[in-house]
Amino acid sequence: MNRQTVTQYSRKHRKAIVTAASGLLYGGGWSLGYFTSFDTASAVILVLATVVGGYDIAKTAYHEVTNWTLGIKTLVTLAAIGAIVIGEYWEAAAVVFLFSLGSYLEGRTMRKTRTALQELLEMTPDTATVRREADATDGSEASERAGGELQEIPAREVEEGEVVVVKPGGKIPVDGTVVDGESAVNQAPVTGESAPVHKADGDEVYAGTVNQEGALEIRTTGAGSDTTLERIIRRVEEAQEAQSPTESLIDRFAKYYTPAVIVLAIGAYAVTQNAILSLTLLVIGCPGALVIGPPVSIVSAIGNAARSGVLMKGGEHLERAGKIDLIAFDKTGTLTKGETTVADVEGFGVADDEVLSLAATAEKKSEHHLADAIVDAARERPTAATDGGATVAKADDTHASLQSVPDPDDFDVVAGKGVVARYDDNEIVVGNRALLDDRGIDIPSQVAEYVREREERGETVVHVVRRAVGPTSGSETAERANGERGRPVSGGWDIIGAIAMRDELRESAPGVVAALQDAGIETVMLTGDNERTAAAVAEEVGIDEYRAELLPEDKQSVIEADQADGHVVAMVGDGINDAPSLATADVGIAMGAAGTDTAIETADMALMADDLERIPYAVTLSKATRWNVLENVGLAVLTVTVLLAGVLTSYVTLAAGMLVHEASVLAVIGNGMRLLRY
Ligand code: ADP
Ligand code: MG
């Protein structure tokens with residue numbers, strides 16, 4: 001070792017070295033005094049032990065005093081100086097040594113707790129194999145597949161858009177989209193899911209996850225510090241820094257508490273003239289366990305959650321989550337898979353296919369999941385007759401070329417109700433009963449009957465309505481419509497059909513709802529869907545209560561009403577459509593947040609995976625954390641009380657007081673760290 005490394009080493013391990021040195025001196029000085037009669041030598045060594053161990057403490061104490069933020073170190077320094085002044089060298093050295101040993105152990109464990117997540121980062125590979133072309137500059141997929149040289153470069157230097165090759169068994173070095181290959185990827189480091197996830201063309205993959213089966217080619221969307229894993233870790237670290245209400249309360253309390261202890265010690269001396277007693281008061285009055293307990297609990301819980309794919313945004317949210325007694329779930333995409341598919345198309349006097357195709361045009365520009373389902377269904381129609389509804393599945397052997405869906409000429413969203421579009425001299429309305437009511441469109445019993453029947457199965461039905469506009473006037477349309485048989489007519493509007501859509505329940509949903517109910521938490525489902533569909537789904541999930549036909553802002557008012565009833569409400573949603581209700585709820589929980597930073601942004605708690613089963617875990621962890629914080633505060637207060645009684649009845653000496661005090665600090669740390677393994 002050269003000089004520089006020695007200096008670096010001693011700087012890094014200063015606390016350990018100082019503690020060890022003061023411990024050795026203390027041991028030597030004490031033995032000398034105990035076994036021999038070299039009392040002066042013993043005293044000198046003990047003072048030296050105090051100075052070595054106490055120098056750093058006194059320096060901080062000096063800062064505390066000059067900034068009027070009296071803290072633990074001020075108390076310890078005063079006690080040590082006082083003990084030397086009255087000739088209690090052994091006590092002085094013991095107090096200082098025990099305190100530095102305690103704070104060394106404390107620092108070590110806290111660091112371990114905080115950096116638990118850094119292990120995840122170490123999982124991301126340092127290098128990446130990229131496909132770099134010697135000549136081709138067009139970057140087309142064809143040229144990439146055809147060749148390009150494989151180069152191994154540092155993972156941080158991979159640029160956006162570059163293609164990275166990952167062998168089976170290899171770790172994925174960047175965030176990106178699969179462009180070639182197929183595999184199962186273990187995403188546990190990012191999402192906490194234990195089961196590998198199937199990945200193929202177009203799927204997103206995350207840096208730090210493990211490619212288990214086949215070779216994958218990945219087009220990079222983020223590398224280096226710009227990956228999901230790094231973002232998560234940064235957020236977790238921020239969250240761990242943020243103070244919880246209990247922590248800030250204790251900090252405020254400590255500000256007055258420490259000076260009060262000093263005043264008490266001076267008062268005790270004035271009354272009893274017993275210097276040891278008042279110095280002991282200083283030592284046992286240290287609020288160490290009180291100050292250190294809650295942060296350890298919270299940091300441990302946040303770290304544990306992160307490793308299970310649950311991002312807690314900070315101690316404040318965690319403490320609040322510990323009080324949740326009602327959880328509201330959004331239906332679509334939360335309790336259900338959010339993969340809506342068209343279950344049935346029914347034309348009323350119009351071919352089913354025409355209904356679907358008109359509806360698809362009207363919905364083409366909408367981003368609603370119902371719209372996507374309709375457009376997809378229209379695209380995937382077999383390339384058969386569009387005339388009679390008797391569609392022949394000739395697509396089977398011709399490897400289905402997709403049907404095109406024309407753009408609407410004009411298009412408007414009616415939030416929570418549907419869409420209104422214009423296409424080819426027609427005005428087309430696709431939406432629910434409320435939307436038709438708004439427009440004064442009557443629903444014939446034949447249509448209502450169909451809708452009711454589908455809704456009772458838990459399906460969502462939209463009406464497809466048309467009226468001619470533009471060149472042809474409204475009355476003409478009505479006349480023309482009246483002329484045709486069997487077609488329901490209403491104020492120029494024809495209800496030409498209805499489309500029934502189904503969104504399967506997540507398999508885990510009933511179990512999760514039951515687990516929450518077992519934990520004494522009420523559940524409610526919120527949906528914009530109609531009453532009958534909602535009832536059918538609620539029954540299937542086994543949820544306590546449901547509210548249907550809610551507009552987005554209604555969901556918010558439902559939550560506010562529950563809060564007014566005294567509930568602490570959590571709302572579970574996808575974090576994008578449900579942002580307002582997530583924000584209103586006491587705790588907003590966003591699902592499937594790994595890919596979307598906005599979801600992480602709006603939520604108080606984000607589930608990285610699309611995995612409902614994390615919710616009971618997150619809630620019970622929060623409750624356990626709340627208890628843990630209370631236990632730690634209780635233990636700290638109890639220790640000080642018992643010690644105080646001990647001092648006043650002169651059972652507790654200066655060194656013993658410090659020993660018990662440090663033991664209580666380590667006890668609360670140990671208790672808090674249990675949450676790491678919750
Ligand atoms: P949720 O997310 O609970 O399904 P929304 O507010 O998104 O609630 O939708 C509520 C209802 O509004 C839907 O069930 C549907 O009847 C109607 N609706 C919303 N958007 C559309 C759309 N693009 N096309 C047809 N109907 C729609
Ligand atoms: Mg929704």
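First listed ligand is number 1; within each ligand, the first listed atom is number 1. Note that the structure is predicted; figures quoted are calculated from it, not measured.
For the pair M312 and S622, the minimum side-chain heavy-atom distance is below 4.5 Å. Side-chain atoms of H463 and V461, non-hydrogen and from C-beta on, never get closer than 4.5 Å to each other.
Residue V419 approaches ligand 1 through these ligand atoms, each under 4.0 Å from one of its heavy atoms: 23 (N). Residue-ligand proximity, V430 to ligand 1, at heavy-atom distances under 4.0 Å covers atoms 25 (C). Listed by atom number, the atoms of ligand 1 under 4.0 Å from N432 heavy atoms are 11 (C), 12 (O), 16 (O), 17 (C). For ligand 1 and V462, the ligand atoms under 4.0 Å from any heavy atom of the residue are 25 (C), 26 (N). Below 4.0 Å from some heavy atom of H369 lie the following atoms of ligand 1, by number and element: 4 (O). Using a 4.0 Å cut-off to heavy atoms of S366, the atoms of ligand 1 that qualify are 23 (N).
Counted by atom type alone, D578 and S581 present zero donor-acceptor pairs between their side chains at under 3.5 Å.
Under 4.0 Å from ligand 1, not a single heavy atom of K331 appears. Contacts with ligand 1 closer than 4.0 Å are made by no heavy atom of E549, backbone or side chain. Contact annotation: for T527 versus ligand 1, heavy atoms closer than 4.0 Å belong to both the backbone and the side chain.
R320 places a side-chain N or O within 3.5 Å of a backbone atom of D586 that can act as its donor or acceptor partner. In terms of modelled atom types and a separation under 3.5 Å, the side chain of R422 and the main chain of E427 share no donor-acceptor contact. Between the D565 side chain and the H567 main chain, no donor and acceptor come within less than 3.5 Å of each other. Looking at D376, its side chain never comes within 3.5 Å of a backbone N or O of A373 through a donor-acceptor pair.
Between Y678 and Y617, the ring-plane angle classifies as tilted under the 30° and 60° cut-offs.
Assignment of K555 to the shell around ligand 1 is supported, since a heavy atom sits closer than 4.0 Å.
Between L526 and ligand 1, no N or O atom pair is found at a separation short of 3.5 Å. Between T460 and ligand 1, no N or O atom pair is found at a separation short of 3.5 Å. Backbone and side-chain nitrogen or oxygen atoms of G416 are examined, and one is located within less than 3.5 angstrom of a nitrogen or oxygen of ligand 1.
Within the set D529, D554, D574, the minimum heavy-atom distance to atom 14 (O) of ligand 1 is found for D529. Of the candidates K365, K417, E363, E363 brings a heavy atom nearest to atom 25 (C) of ligand 1. Closest heavy-atom approach to atom 2 (O) of ligand 1 among the candidates I374, L550, T332: T332.
In terms of the side-chain contact (heavy atoms from CB on, under 4.5 Å) criterion, residue partners of A534 (sequence neighbours excluded) are, by chain and number, M525, T527, Y546, A548. Taking the side-chain hydrogen bond (donor to acceptor under 3.5 Å, both in side chains) definition, one finds that D529 meets it with K331, T460, sequence neighbours left out.
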